[in-house]
A.B. asks: 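I am attaching a structure below and will ask some questions about it afterwards.
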Amino acid sequence: MATATVTAASTLSWLHSFGGTQNEATKVADRNRVFVVFAQKKAKKTRKILLKEDVEYLGKKGQLLDVKAGYFRNYLLPMGKAQIITSALLKEMKMEDERIEAEKLRVKEEAQQLALIFETVGAFKVKRKGGKGKQIFGSVTAQDLVDIIKAQLQRDVDKRIVSLPEIRETGEYIAELKLHPEVTARIRVNVYAN
């Protein structure tokens with residue numbers, strides 16, 4: 001019985017060295033032996049991170065993710081592909097998002113003003129050499145329209161944003177300028193033969 005008491009005391013001191021208390025441990029006594037059984041919770045080993053660049057099979061730049069601590073520590077951090085999220089970083093991201101939204105709004109408003117200018121000008125006149133009846137030689141292309149806009153309004157327009165129907169006869173046509181993903185200007189094009 002004396003050895004069981006000594007064993008129990010040494011087991012309890014061993015338990016205290018790991019930060020446990022007697023209340024956390026369950027003692028199982030079986031014929032002069034004392035067993036100490038205690039449960040440990042598995043530590044959660046994930047980190048909340050922000051990707052600084054695209055990572056294949058993980059995510060895109062600017063994305064917030066939970067990743068395993070070892071993957072972050074051994075791969076993402078040394079390669080400079082991610083950083084741990086902090087409250088200061090979250091504030092900075094929020095300010096950056098607000099700045100980007102303000103810039104998008106400004107660009108959209110500029111496109112709307114430009115669309116209003118194009119639509120109030122009236123018809124752009126295109127002169128082509130005429131053939132039989134209403135036929136013209138050649139056709140009117142997006143580059144022709146861009147050149148006319150530059151000559152009349154002194155505005156540079158990229159020909160890739162011009163959507164023009166196929167024009168092979170004289171008459172009035174509607175062309176579209178896609179100035180912004182949400183703003184399209186419709187302009188009239190008057191084709192006549194000389």
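The first residue of the sequence shown is numbered 1, and numbering continues consecutively from there.
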A.B. asks: Quick check: does any side chain N or O of Asn74 sit under 3.5 Å from a backbone N or O of Tyr71, one acting as donor and the other as acceptor?
C.D. replies: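 It does not hold such a pair.
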A.B. asks: Quick one: CD1 on Ile161 to NE2 on His180, what's the gap to the nearest 0.5 Å?
C.D. replies: 12.0 Å
A.B. asks: Does one hydrophobic cluster hold both Leu50 and Val67, with members joined at side-chain heavy-atom distances below 4.5 Å?
C.D. replies: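 Leu50 does not cluster with Val67.
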A.B. asks: What's the shortest heavy-atom distance between Pro78 and Phe72, and which atoms?
C.D. replies: CD-O, 4.0 Å
A.B. asks: To the nearest 0.5 Å, tell me how far Ser87 OG sits from Glu92 CD.
C.D. replies: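 Between Ser87 OG and Glu92 CD, I get 11.5 Å after rounding to 0.5 Å.
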A.B. asks: I'd like to know if Arg168 pairs up with Glu166 as an ion pair, taking the criterion as any Lys NZ or Arg NE/NH1/NH2 lying under 4.0 Å from an Asp or Glu carboxylate oxygen.
C.D. replies: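 Looking at Glu166 together with Arg168, the answer is yes, because their closest N to O distance falls below 4.0 Å.
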A.B. asks: Checking side chain to side chain contact (heavy atoms under 4.5 Å, CB included) for the pair Glu109/Leu105: CA distance, chi angles, key distance, verdict?
C.D. replies: CA-CA 6 Å; Glu109 287 174 356; Leu105 186 62; 3.9 Å; yes
A.B. asks: Would you please test Tyr192 and Arg128 for side chain to side chain contact (heavy atoms under 4.5 Å, CB included) and show each step?
C.D. replies: CA-CA 6 Å; Tyr192 64 96; Arg128 284 288 182 259; over 6 Å; no
A.B. asks: For the CD atom of Gln135 and the CD atom of Glu169, what is their distance to the nearest 0.5 Å?
C.D. replies: 5.0 Å
A.B. asks: Quick one: CD1 on Ile100 to NZ on Lys104, what's the gap to the nearest 0.5 Å?
C.D. replies: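 Answer rounded to 0.5 Å: 7.0 Å.
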A.B. asks: Determine whether Ile84 and Leu65 fall in the same hydrophobic cluster, where Ile, Leu, Val, Met, Phe, Trp and Tyr are linked whenever their side-chain heavy atoms lie under 4.5 Å apart.
C.D. replies: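 Same cluster: Ile84 reaches Leu65 through Ile, Leu, Val, Met, Phe, Trp or Tyr contacts under 4.5 Å.
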A.B. asks: Which one of Lys108, Gln112, Arg106, Gln113 satisfies the side-chain hydrogen bond (donor to acceptor under 3.5 Å, both in side chains) criterion with Glu110?
C.D. replies: Arg106
A.B. asks: To the closest 0.5 Å, what do you measure between CD1 (Ile148) and NZ (Lys125)?
C.D. replies: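 Rounded to the nearest 0.5 Å, the CD1-NZ separation comes out at 11.5 Å.
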A.B. asks: I'd like to check Asn190 versus Val126 (side-chain heavy atoms, cut-off strictly below 4.5 Å). Are they in contact?
C.D. replies: no
A.B. asks: Would you kindly confirm whether Ile187 and Leu153 end up in one hydrophobic cluster when ILVMFWY residues are joined by side chain heavy atoms under 4.5 Å apart?
C.D. replies: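 They do share one cluster, since a chain of ILVMFWY contacts under 4.5 Å joins Ile187 to Leu153.
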A.B. asks: Taking the side chain as every heavy atom from C-beta outward, state whether Leu64 and Ile49 have any pair of such atoms under 4.5 Å apart.
C.D. replies: no
A.B. asks: Cluster question for you: counting only ILVMFWY and a side-chain heavy-atom cut-off of under 4.5 Å, with indirect links fine, are Ile174 and Val121 together?
C.D. replies: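 In one cluster: no.
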A.B. asks: So do the side chains of Lys159 and Gln143 get within less than 4.5 Å of each other, counting heavy atoms only?
C.D. replies: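 Result yes, sub-4.5 Å side-chain heavy-atom pair found.
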A.B. asks: Using modelled atom types and a 3.5 Å cut-off, is there a donor and acceptor pairing between side-chain atoms of Lys178 and backbone atoms of Pro181?
C.D. replies: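 Between the backbone of Pro181 and the side chain of Lys178 there is a qualifying donor-acceptor contact (under 3.5 Å).
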A.B. asks: Taking all atoms of both residues into account, what is the closest heavy-atom pair of Leu179 and Ala185, and its distance?
C.D. replies: CD1-CB, 4.0 Å
A.B. asks: Looking only at non-hydrogen atoms, find the nearest pair between Thr170 and Ala193 and report the distance.
C.D. replies: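 Answer, listing the atom of Thr170 first, then Ala193: CG2-N, 3.6 Å.
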A.B. asks: Could you pull out the closest heavy-atom pair between Leu164 and Ala142, with the gap in Å?
C.D. replies: CD2-N, 3.8 Å
A.B. asks: May I ask you to test the Lys150-Arg155 pair for a side-chain heavy-atom distance under 4.5 Å?
C.D. replies: no
A.B. asks: Has Asp54 got a side-chain atom pairing as donor or acceptor with Lys61's backbone, closer than 3.5 angstrom?
C.D. replies: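 Confirmed, Asp54 side chain pairs with Lys61 backbone.
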A.B. asks: So which heavy atom on Asn194 is nearest to which on Lys129, and how close?
C.D. replies: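 In this case the closest contact between Asn194 and Lys129 is OD1-CA, 3.4 Å.
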A.B. asks: Among the clusters formed by ILVMFWY side chains lying less than 4.5 Å apart, do Leu89 and Val55 turn up in the same one?
C.D. replies: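 No, because Leu89 and Val55 fall into different hydrophobic clusters, even though each may have its own neighbours under 4.5 Å.
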A.B. asks: In the structure I gave you, are the side-chain heavy atoms of Tyr173 and Val140 within less than 4.5 Å of one another anywhere?
C.D. replies: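 The answer is no; the side chains never approach within 4.5 Å.
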A.B. asks: Find the distance between NZ (Lys68) and CG (Leu76) and round it off to the nearest 0.5 Å.
C.D. replies: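 These two atoms lie 13.5 Å from each other.
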A.B. asks: Between Leu145 and Thr141, is any pair of side-chain heavy atoms under 4.5 Å apart?
C.D. replies: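 No, their side chains stay 4.5 Å or more apart.
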A.B. asks: Considering the options Leu114, Ile149, Val183, which one meets the side-chain contact (heavy atoms from CB on, under 4.5 Å) requirement together with Leu177?
C.D. replies: Ile149
A.B. asks: Could you tell me which non-hydrogen atom of Phe124 sits nearest to which non-hydrogen atom of Gln152, and how far apart they are?
C.D. replies: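 So the minimum-distance heavy-atom pair works out to CD2-OE1, 3.0 Å.
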A.B. asks: Evaluate Lys48 against Asp66 for salt bridge (Lys or Arg N to Asp or Glu O under 4.0 Å), listing each step before the verdict.
C.D. replies: CA-CA 5 Å; Lys48 291 192 180 292; Asp66 283 336; 3.3 Å; yes
